[in-house]
Amino acid sequence: MMTDALTDMVTRELGFAPTADQRKAIATFASFMTARSDMAAMLMRGSAGTGKTTLASAIVRSLAALRWRMVLLAPTGRAAKVFALNAGHRAYTIHRRIYRQKALRADMGGFSLNNNLHSDTLFVVDEASMIANSSAGEAAFGSGCLLDDLVEYVYSGRNCRLMLIGDRAQLPPVGEAESPALSAGVMEGYGLTVFEAELDEVMRQGNGSGILFNATVIRRMITHDELTGLPMIAFKGFADICIVNGDELIEALASSYSRAGTDETIVITRSNKRAVVYNRGIRAMVLGREEELTTGDMVMVVKNNYHWTENERRAEAAAAGTEAAGGKDSDDGGDDAEAVPAFLANGDRAVVRRVRRCRELYGFRFADVTFSLPDYDDYELTATTLLDTLASEAPALTREQNEQLFNAVMDDYADVPLKADRIRKLKQDPYFNALQVKHAYAVTCHKAQGGQWAHVYVDQGYMTDDMLTPAYLHWLYTAFTRATEKLMLVNWPATQNADAQ
């Protein structure tokens with residue numbers, strides 16, 4: 001009886017007659033929510049245009065109306081913001097919700113898994129294809145494996161369960177062949193009873209979209225292993241997808257910035273090197289900016305940084321006359337999460353508000369920069385920032401550059417007798433902990449994943465049939481599906497234009 005009531009409620013909230021796939025997904029969701037197993041999980045997988053986001057939003061509204069406890073999560077700040085806007089309910093980054101910072105000591109002990117004091121709560125995670133199950137870049141957090149920690153956190157609560165939503169055609173986490181969080185086999189390996197729903201049918205209202213039409217073509221090549229030739233893209237009859245030639249690019253970008261806004265326009269490239277070229281050209285020829293970094297610039301964090309948010313928490317705690325929140329075990333149970341982000345994550349976007357005190361030290365250039373973080377309620381933070389990474393073709397400081405900075409800063413503490421004390425000094429040094437950023441008008445696809453923009457420009461670069469791989473198809477599909485209104489393909493070759501054949 002409860003299953004039927006929940007099915008009817010979600011169907012009503014959907015607001016239109018569901019597709020066959022959506023009906024099955026709703027029935028599966030109702031069975032999942034009423035299952036007696038205390039280790040139940042659900043995977044809802046779906047491609048672009050199948051109504052996955054619409055159905056997830058209807059589910060959230062239904063549970064809210066029923067006063068069912070739930071927490072919405074996503075892997076990145078941008079993805080959490082998009083999820084919240086679509087669902088009409090606050091969403092958090094996974095890291096911010098499931099980890100807590102260890103006691104604020106000089107040795108910066110990192111983040112441990114938080115206590116889940118929730119009960120009878122559904123945790124809904126969007127963009128689950130991005131959740132890694134390896135320790136790459138996650139050593140400071142819990143076990144170092146995000147998926148392991150997420151599962152442990154959720155099911156340590158009383159009668160809590162997990163729903164993972166995502167698209168297997170998108171790029172998997174770096175270093176992994178598939179998205180583990182969307183694999184029933186991987187999730188069953190945790191001892192979970194897994195309910196699965198697959199949305200493949202493109203909704204009728206998506207038939208007039210060139211973005212969705214071509215994304216579906218690419219997805220079919222992925223799912224059917226059709227590596228027979230480069231994707232042929234159709235443009236004729238579609239108003240939301242077009243080719244932009246190089247000599248039209250400056251004018252087109254200026255138009256997008258004017259109509260959609262800088263924050264709703266993005267260029268997606270195949271490499272950091274290409275992104276640097278685009279960022280330099282956009283700033284000089286479209287935005288007319290001569291300074292290396294100036295007020296209004298959109299930048300992206302390119303290496304996880306914990307130092308400056310810790311300083312902010314220390315300052316706020318001192319002002320309030322209380323112990324810093326990061327050093328306490330919070331119940332993490334309400335919507336009043338601390339204002340300061342847990343850390344500045346690789347891929348977080350920021351807007352430059354002020355640039356001061358540019359100087360050169362240790363063979364590098366630094367500035368004190370005040371940023372606002374649009375994906376964290378425009379929180380403002382000031383950090384010593386490396387200028388060298390802005391135009392570097394490397395993703396961040398290279399290994400050699402990191403060693404150079406480490407050794408140079410350590411030399412400044414040569415008068416400290418004990419090595420352990422020198423290391424503590426180093427870990428609190430503002431230059432060693434300088435924020436590494438790049439301009440964010442053009443980014444790689446991995447950096448764009450999880451986000452959506454009104455206007456998206458895609459530059460896939462030179463391609464030949466022998467360069468066709470599953471990784472390329474995942475890249476192209478992910479790039480296409482970042483666009484919500486208009487997709488522009490830069491210098492798209494005639495050999496991949498279905499209308500030119």
Side-chain angles (χ1 to χ4, degrees), residues 43-50 52-53 74-80 82-83 93-94 125-138 145-147 164-183 186 199 211-212 214-227 230-231 233 266-275 300-302 345-349 395-396 438 440 442-453 456-461 463 467-484 487 489:
L43 307 182
M44 187 166 78
R45 300 178 292 253
S47 56
T50 57
K52 178 176 80 274
T53 298
T76 67
R78 181 88 184 191
V82 170
F83 192 17
T93 62
I94 298 172
V125 184
D126 197 18
E127 295 290 353
S129 65
M130 298 174 67
I131 301 174
N133 201 30
S134 67
S135 58
E138 298 287 349
C145 295
L146 183 57
L147 183 58
L164 296 158
I165 303 170
D167 184 345
R168 285 193 289 189
Q170 287 195 30
L171 284 166
V174 176
E176 304 202 40
E178 65 171 4
S179 301
L182 295 177
S183 165
V186 170
L199 302 178
I211 297 170
L212 294 180
N214 288 290
T216 302
V217 169
I218 300 167
R219 180 181 168 87
R220 285 176 183 153
M221 293 179 70
I222 294 170
T223 55
H224 293 87
D225 294 323
E226 295 177 5
L227 297 180
L230 293 169
I233 303 304
I266 196 78
V267 177
I268 297 176
T269 73
R270 292 287 298 278
S271 69
N272 283 295
K273 180 178 181 179
R274 193 72 178 147
M300 180 171 284
V301 177
V302 293
N346 185 357
D348 277 347
R349 299 172 313 128
K438 287 184 179 294
V443 300
T444 62
C445 199
H446 267 111
K447 289 290 195 299
Q449 195 171 2
Q452 293 179 338
W453 288 263
V456 173
Y457 292 75
V458 174
D459 180 1
Q460 73 167 7
M463 288 293 298
M467 297 165 69
L468 176 62
T469 64
Y472 160 71
L473 292 177
H474 284 287
W475 181 93
L476 193 62
Y477 175 85
T478 304
F480 271 42
T481 53
R482 298 311 90 207
T484 60
L487 176 65
L489 304 185

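Just so you know, residue 1 is the first one in the sequence shown, and it goes up from there.
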*How far apart are the C-alpha atoms of Trp475 and Val458, what are their side-chain angles, what is the distance that settles it, and do they pass the side chain to side chain contact (heavy atoms under 4.5 Å, CB included) test?*
CA-CA 11 Å; Trp475 181 93; Val458 174; 3.7 Å; yes
*Apply side chain to side chain contact (heavy atoms under 4.5 Å, CB included) to the pair Met467 and Gln460, showing each step before the final yes or no.*
CA-CA 12 Å; Met467 297 165 69; Gln460 73 167 7; over 6 Å; no
*Show your working on side chain to side chain contact (heavy atoms under 4.5 Å, CB included) between Val302 and Asn272 and close with a plain yes or no.*
CA-CA 11 Å; Val302 293; Asn272 283 295; over 6 Å; no
*Determine, stepwise, if the pair Gln452 / Thr481 fulfils side chain to side chain contact (heavy atoms under 4.5 Å, CB included).*
CA-CA 8 Å; Gln452 293 179 338; Thr481 53; over 6 Å; no
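Taking the side chain as every heavy atom from C-beta outward, Leu473 and Pro231 approach each other to under 4.5 Å. Side-chain atoms of Glu127 and Thr76, non-hydrogen and from C-beta on, never get closer than 4.5 Å to each other. The shortest distance between side-chain heavy atoms of Leu489 and Leu487 falls below 4.5 Å. Residues Val456 and Ile211 form no side-chain contact, since every pair of their non-hydrogen atoms from C-beta on lies 4.5 Å or further apart.
Put simply, OG1 on Thr53 and CZ on Phe83 are 8.5 Å apart, with the number rounded to the nearest 0.5 Å. Atom CZ of Arg270 sits about 11.0 Å away from atom OG1 of Thr444, to the nearest 0.5 Å. Between atom CZ of residue Arg349 and atom CD1 of residue Ile266 there is a gap of 8.0 Å, rounded to the nearest 0.5 Å. Atom CG of Asp126 is separated from atom CE of Met44 by 8.5 Å, given to the nearest 0.5 angstrom. A distance of 9.0 Å separates CE in Met221 from CG in Leu476, rounded to the nearest 0.5 Å.
Scanning for side-chain contact (heavy atoms from CB on, under 4.5 Å) contacts around Ala448 gives Ile268, Val443, Trp453, Arg482, with sequence neighbours left out. By the salt bridge (charged side-chain N to carboxylate O under 4.0 Å, His left out) test, Asp459 is found to be paired with Arg274, residues two or more places apart in sequence or in another chain being considered.
Here the shortest heavy-atom pairing between Thr269 and Ala442 reads CG2-CB, 4.5 Å. The two atoms that bring Leu182 and Ile165 nearest to each other are CD2-C, 4.2 Å, heavy atoms only. A pairwise comparison of heavy atoms in Pro180 and Asn133 identifies CG-CB, 3.8 Å as the closest pair. Taking every heavy atom of both residues into account, Ala177 and Pro172 meet most closely at O-CG, 3.9 Å. In this structure, Ile131 and Ala181 approach most closely via the heavy-atom pair CB-CB, 4.0 Å.
The list of side chain to side chain donor-acceptor pair (under 3.5 Å) pairs with a residue in residues 165-179, not counting sequence neighbours, reads Asp167-Arg219, Asp167-Tyr477, Arg168-Glu198, Gln170-Gln449.
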